[in-house]
Protein chains: 2
Amino acid sequence: MTFMTSRRTDALSRERIVEATIQILDTAGESGLTLRAVTAHLATGRGAIYHHVTNKDELLAAAADGVIGQVVAAAAGGDDPRGSIRALALGIFEAIDARPWVGVQLSREPFQPAVLQIWKAVGVSLSALGVGGTALADAGSALVNYVLGAAGQHAAGARRAPDGAARKEFLDGVAAEWARQDSDPLVQESAALLREHDDRAQFLAGVDIFLAGIFSSEAIAAVRRDASD
Amino acid sequence: MTFMTSRRTDALSRERIVEATIQILDTAGESGLTLRAVTAHLATGRGAIYHHVTNKDELLAAAADGVIGQVVAAAAGGDDPRGSIRALALGIFEAIDARPWVGVQLSREPFQPAVLQIWKAVGVSLSALGVGGTALADAGSALVNYVLGAAGQHAAGARRAPDGAARKEFLDGVAAEWARQDSDPLVQESAALLREHDDRAQFLAGVDIFLAGIFSSEAIAAVRRDASD
DNA sequence: ACCTGAACACCGTTCAAGT
DNA sequence: ACCTGAACACCGTTCAAGT
């Protein structure tokens with residue numbers, strides 16, 4: 001039997017590197033994540049990182065996977081699949097609201113681990129609701145793409161205007177710009193609505209539209225099946 | 001009266017710069033777009049670009065706006081608003097399929113000109129279908145976010161696997177990886193479906209789910225209004 | 001006013017050399 | 001095996017100097 005010996009008690013590991021990455025992203029944002037910042041944070045050399053991780057993209061994907069893993073775990077279980085879907089969507093929304101970099105990362109790469117976790121959780125809930133086969137793939141893709149799209153858009157907004165006051169000012173500015181550029185009454189009304197809209201409520205309304213759509217599609221498909229019998 | 005004199009017949013202009021940008025993006029992809037490539041293409045100095053455009057982000061946004069402008073124009077008009085929405089969505093899908101960089105750019109920034117064009121076109125069609133007020137904002141946001149999410153995800157796939165053969169190989173690889181990692185029957189079935197799924201058909205199925213959801217939501221809201229009378 | 005191109009202040013990644 | 005840090009090959013952006 002041999003003793004485990006290490007030159008430093010806090011030996012470098014993929015886990016510690018990802019932890020440091022999340023910390024840097026949270027405090028300095030996406031533009032603050034540089035390999036130099038990571039090595040400084042861990043008091044190591046540049047090349048050491050590449051011993052545990054293939055490149056910066058993998059670092060970002062691993063960081064997002066860590067955050068989303070917690071969200072998915074928190075929303076899992078329960079015997080109400082619709083509730084699970086809403087809880088998952090809301091959890092993702094709030095994670096992105098707190099950490100805009102997650103939203104940007106999610107909408108960047110389709111087959112990264114964090115996105116696969118979302119796919120699977122959505123698939124499980126839809127399956128529990130009785131949706132299967134191609135309909136499951138279509139419904140899952142619709143929901144996941146909606147959530148990721150909203151994620152990316154909201155992340156960009158949250159990054160630009162971190163607190164409530166900055167957000168209000170920013171939206172007022174955009175609304176004024178719209179109203180100025182286009183006299184179309186529809187645009188004028190949209191500008192007014194934009195000023196006072198609630199991102200979270202609008203996001204959840206979208207989830208409900210989607211859920212309603214799936215079951216009305218399912219119903220139509222069932223009717224079609226009956227008709228062709 | 002003075003004559004307009006210019007040292008070169010093809011004087012630099014914002015328009016010519018954006019044109020060159022689109023050409024570079026189409027041939028060299030997003031990673032190929034560098035200020036150095038643009039200046040080389042236009043046979044000018046680096047700083048000249050900054051005389052017509054504030055930075056690289058604006059260049060990308062202007063390029064995407066040019067492409068989306070044509071798509072929106074082509075899908076506009078007609079007396080079938082649902083058809084217009086489907087045509088717009090399909091047009092965006094095909095533009096992104098041909099130019100993955102557009103999809104990446106669309107999902108990056110919420111209030112850029114190209115996205116505002118999409119918002120307005122969707123708003124006009126939904127409005128023609130009788131949706132208004134907050135319901136219009138919710139429905140529009142759902143649809144736009146779905147389209148942008150799918151745009152980003154499809155763009156990443158299209159960039160990774162440009163032609164049909166590469167795409168098939170790539171999807172087979174991902175499906176095999178899923179099947180290996182997770183023995184859950186749901187994942188096994190999803191892997192099988194992934195291998196043979198049609199991105200375009202799946203995207204359009206998603207549009208129909210949202211349309212169905214919008215009108216079933218509208219119906220429910222109408223019932224609620226009646227009930228509260 | 002418009003353009004030039006060198007200079008500046010960064011990047012991610014690699015790799016010989018160390019322990 | 002793991003780590004170091006200098007070196008490499010790039011970036012976007014600025015700015016004094018030209019016409």
Side-chain angles (χ1 to χ4, degrees), chain A residues 2-25 27-64 101 104-105 108-109 112 159, chain B residues 1-25 27-64 101 104-105 108-109 112 159-160:
Chain A
T2 57
F3 285 96
M4 298 279 286
T5 56
S6 62
R7 259 169 304 166
R8 44 204 289 181
T9 48
D10 54 346
L12 215 54
S13 68
R14 197 188 136 97
E15 215 169 72
R16 283 194 66 232
I17 293 171
V18 172
E19 242 169 59
T21 302
I22 293 179
Q23 235 168 84
I24 292 167
L25 285 164
T27 54
E30 214 189 331
S31 68
L33 181 70
T34 65
L35 267 294
R36 279 154 180 85
V38 176
T39 55
H41 203 274
L42 293 167
T44 183
R46 207 100 66 232
I49 307 294
Y50 288 87
H51 234 274
H52 297 90
V53 149
T54 55
N55 56 30
K56 196 187 168 182
D57 273 0
E58 196 191 311
L59 217 51
L60 265 163
W101 59 268
V104 176
Q105 173 59 26
R108 190 150 39 202
E109 176 64 46
Q112 64 179 309
R159 197 175 29 174
Chain B
M1 182 182 177
T2 57
F3 284 96
M4 299 277 287
T5 56
S6 62
R7 262 168 302 164
R8 44 205 290 181
T9 49
D10 53 348
L12 216 51
S13 68
R14 196 186 138 96
E15 214 169 73
R16 282 194 66 233
I17 293 172
V18 172
E19 239 170 62
T21 301
I22 292 178
Q23 233 169 88
I24 292 166
L25 284 164
T27 54
E30 215 190 332
S31 68
L33 181 70
T34 64
L35 268 294
R36 279 154 179 86
V38 176
T39 54
H41 204 272
L42 293 167
T44 182
R46 208 99 67 230
I49 307 294
Y50 289 86
H51 233 272
H52 297 91
V53 150
T54 56
N55 56 30
K56 197 188 166 181
D57 272 1
E58 196 189 312
L59 217 53
L60 264 163
W101 59 268
V104 177
Q105 174 59 25
R108 190 151 37 205
E109 176 65 45
Q112 63 179 310
R159 197 176 27 175
R160 189 175 306 274

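As a basis for the values below, the full set of heavy atoms in this structure was taken, side chains included, without hydrogen atoms, waters or symmetry mates. Below, read A as the first sequence line, B as the second, and so on, with proteins coming before strands; counting in each chain starts at 1. Computed from a prediction, not measured in an experiment: that's the story for all the values here.
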A.B. asks: Give the rounded distance in Å between these two atoms: CG of B:Leu42 and C1' of C:dC2.
C.D. replies: 15 Å
A.B. asks: Please give, in whole Å, the distance from D:dG12 P to B:Ile24 CD1?
C.D. replies: 11 Å
A.B. asks: How would you label the contact of A:Leu33 with the nucleic acid (heavy atoms, under 4.0 Å): base, sugar-phosphate, or nothing?
C.D. replies: sugar-phosphate
A.B. asks: When you compare the side chain of A:Leu42 with that of A:Ile49, does any pair of heavy atoms fall below 4.5 Å?
C.D. replies: yes
A.B. asks: Please tell me if A:His52 has a side-chain N or O lying less than 4.0 Å from either OP1 or OP2 of D:dC3.
C.D. replies: yes
A.B. asks: Give me the atom names and distance for the closest heavy-atom approach of B:Arg14 to B:Ala62.
C.D. replies: NH2-CB, 3.6 Å
A.B. asks: Which nucleotide in the set D:dG12, D:dC3, C:dT14 lies at the smallest distance from any side-chain heavy atom of A:Tyr50?
C.D. replies: C:dT14
A.B. asks: Output the rounded distance in Å from CZ (A:Arg16) to C1' (D:dC2).
C.D. replies: 14 Å
A.B. asks: What nucleotide among D:dC3, C:dG12, D:dT14 has an atom nearest to a side-chain atom of B:Arg46?
C.D. replies: D:dT14
A.B. asks: Taking all atoms of both residues into account, what is the closest heavy-atom pair of B:Tyr50 and B:Asn55, and its distance?
C.D. replies: CE2-CA, 4.2 Å
A.B. asks: Please give, in whole Å, the distance from C:dG12 P to A:Leu60 CG?
C.D. replies: 10 Å
A.B. asks: Measure CG/A:Leu35 against C1'/D:dG5 and give the value in whole Å, please.
C.D. replies: 14 Å
A.B. asks: Starting at atom NE2 of A:His51, determine the distance to atom C1' of C:dT14, rounded to an integer number of angstrom.
C.D. replies: 12 Å
A.B. asks: Does a side-chain heavy-atom distance below 4.5 Å link B:Glu109 with B:Asp57?
C.D. replies: no
A.B. asks: Rounding to a whole Å, what distance do you find between B:Leu12:CG and C:dC3:P?
C.D. replies: 5 Å
A.B. asks: Between the base of D:dG12 and the side chain of B:Arg36, is there any donor-acceptor pair under 3.5 Å?
C.D. replies: yes
A.B. asks: Quick one: look up who C:dC3 pairs with, Watson-Crick or G-U, both distances under 3.5 Å, and put none if it's unpaired.
C.D. replies: none
A.B. asks: Does D:dA17 have a Watson-Crick or wobble partner in any strand here, with both distances under 3.5 angstrom, and which is it?
C.D. replies: none
A.B. asks: If you compare all heavy atoms of B:Glu30 against all heavy atoms of B:Leu25, which two are closest, and at what distance to 0.1 Å?
C.D. replies: CA-CD2, 3.8 Å
A.B. asks: Among C:dC3, D:dG12, C:dG12, which nucleotide sits nearest the side chain of A:Lys56?
C.D. replies: C:dG12
A.B. asks: Sort out the partner of D:dC8 for me: Watson-Crick or G-U wobble, both distances under 3.5 Å, none otherwise.
C.D. replies: C:dG12
A.B. asks: Where each residue is assigned the nucleotide of DNA chain D containing its nearest heavy atom, which of A:Ile49 and B:Ser31 is assigned the position nearer the 5′ end?
C.D. replies: A:Ile49
